[in-house]
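Below, each value reflects all heavy atoms present in this structure, side chains not excepted, and no hydrogens, waters or symmetry copies. Naming: A, B, ... by sequence-line order, numbering from 1 per chain.
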Amino acid sequence: MRLITHNMLKCHVKNCTDPDKQFPLRFKDVQLEQIDAERNDEFLVRMLPRIDWPALSKTTKELDIILPETVPGNPENDEEFLQALHTAILETHIKQGSMLCDGCGHEYKITNGIPNMLLAEHEI
Amino acid sequence: MKLKQLEGYLGDIAVFKEPKAQLEQYPTTAHLASRILYTAETTYGDIGGKSVVDLGCGCGVLAIAASMMGSSHVLGVDIDAGALETAQANIDEFELGDTIDLVQGSICNDNATGSLSINKGLLLRMEQAFDTAILNPPFGTKPGNKGIDVLFLQAACMLARGAIYSLHKTSTRDYLVKKAQTWGFECEVLAELNFDIPMMYKFHKRKSVDVKVDLLRLYKKRT
């Protein structure tokens, strides 16, 4: 799973409702891999408003990935920004490990790059 | 990519190792999957450079086809670990891991009353995050799953801001066209098909069953 997908995953255990704690999920014991992907600037610029930037910023900091704190005023003309964004969200793969919810402590496991978001009956 | 080429590649995709009847696991054929994605891109421009979500991705046929037709980012969601394992193996085999992500999750939840509802907890953060949704959802023929086809389509309408391509029993057409309206979408029938579901499960008596199926395209209503 890449960070673009991680940016869409939040904890949804019953009664875990603090938006600041349930998202983004915190990575634990993760194995990362960087895989080249073709860059499409039109796609990146169009996806920007759909990304939760504070969450992405927090996550990339935790993983020691370089990304600006804020989105520049003219992202479509900012080569450095676009490359950093592309690498962060589309080329950074999380292969193994888990994701923790800071709110309720639930652990979502990642196996072979696939996060398991299924919950037990009492957690729904 | 040309249609025949796409169909050729998709024909090599590994299918369900141990299909589960309760989940209505039938592979989407290479013939159908190639035509859906080829049309979606060449007629409507809904795939190339777009973000695509495949709800109930199974072994990943539609997701892989989307990536091959130029999607910049594809997410496949499925409830079954076995299917996802096969899907990931297919993705690795075709070296499409640079554009396709998989997530194990449930599109629907069981209510206390015994009916189903959309798993909003999982899907909320994905609302409107995708350009296009493609799906071959369960038809709701198994006990406890009545209405699951409608919920999958509704979930697709939550997640995709542009267009949705989905397969549904022709008998549900009028109902779905009305429902789509309430969700803010127009609905057109792109093709009428006969699903030839082969005898995959022990309880099937005949060699295969013919089910009339619509390929639907839903798109946002102009406001």
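- Taking the six-membered ring where the residue is Trp, B/H73 and A/F43 present tilted rings, their angle falling between 30° and 60°.
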Please assess B/K20 against B/D80 for the test salt bridge (Lys or Arg N to Asp or Glu O under 4.0 Å), listing each intermediate value before the final yes or no. CA-CA 9 Å; B/K20 299 176 179 73; B/D80 183 44; 2.9 Å; yes
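- Remark: the backbone N or O of B/T86 is paired with a side-chain donor or acceptor of B/N90 at under 3.5 angstrom.
- Within the 3.5 Å criterion, the main-chain N or O of B/L167 finds no donor-acceptor partner in the side chain of B/N136.
- Contact annotation for B/E127: neither backbone nor side-chain heavy atoms come within less than 4.5 Å of a heavy atom of chain A.
- With a 4.5 angstrom heavy-atom cutoff, A/I51 touches chain B only via backbone atoms.
- Heavy-atom proximity under 4.5 angstrom to chain A picks out B/G49, B/K50, B/S51 from residues 49-70 of chain B.
- Atoms NZ and CD, on B/K17 and B/Q25 in that order, are 12.0 Å from each other to the nearest 0.5 Å.
- Ranked by non-hydrogen atom pairs under 4.5 Å with chain B, the options A/L90, A/I35, A/T5 are led by A/T5.
- The choice from A/M1, A/K10, A/R46 that makes the most heavy-atom pairs within less than 4.5 Å of chain B is A/R46.
- In this structure, A/R2 contributes its side chain and B/D98 its backbone to a donor-acceptor pair below 3.5 Å.
- Heavy atoms of A/L118 lying under 4.5 Å from chain B belong to its backbone as well as its side chain.
- Summarising the geometry of A/T87 relative to A/T92, their closest heavy-atom pair is O-OG1, 2.8 Å, with the distance given to 0.1 Å.
- Ion pairing of B/K142 with B/E24 is absent here, as no side-chain N (NZ or NE/NH1/NH2) approaches a carboxylate O to less than 4.0 Å.
- Only the side chain of A/N40 comes within contact range of chain B, with at least one heavy atom under 4.5 Å from a heavy atom of that chain.
- Judged purely by atom type and a 3.5 angstrom limit, A/H106 has no side-chain atom pairing as donor or acceptor with the backbone of A/H12.
- With a 4.5 angstrom heavy-atom cutoff, B/D131 touches chain A via backbone and side-chain atoms both.
- Of the two parts of B/I100, only the backbone, made up of N, CA, C and O, holds a non-hydrogen atom closer than 4.5 Å to a non-hydrogen atom of chain A.
- Classification of A/K61 and A/E69 as a salt-bridged pair holds, one side-chain N sitting under 4.0 Å from a carboxylate O.
- Contact count against chain A (heavy-atom pairs under 4.5 Å) is highest for B/L102 among B/D92, B/L102, B/N109.
- Taking chain B as the reference chain and counting heavy-atom pairs below 4.5 Å, the highest number among A/V13, A/L9, A/I114 is found for A/I114.
- Contact of A/F23 with chain B is made through the side chain alone, with heavy-atom distances under 4.5 Å.
- Proximity to chain B involves both the backbone and the side chain of A/N7, based on heavy atoms less than 4.5 angstrom apart.
- At distances below 3.5 Å, not a single donor-acceptor pair connects side-chain atoms of B/Q104 with backbone N or O atoms of A/N116.
- In this structure, A/K95 places its NZ atom where more than 12 heavy-atom neighbours from other residues, nucleotides or ligands lie under 6.0 Å away.
- Within the 4.5 angstrom heavy-atom criterion, only side-chain atoms of B/L75, from C-beta onward, approach chain A.
- Listed options B/L123, B/V77, B/L84, B/D101 were ranked by heavy-atom pairs under 4.5 angstrom with chain A; first place goes to B/D101.
- B/E188 places no side-chain N or O within 3.5 Å of a backbone atom of B/L216 that could act as its donor or acceptor partner.
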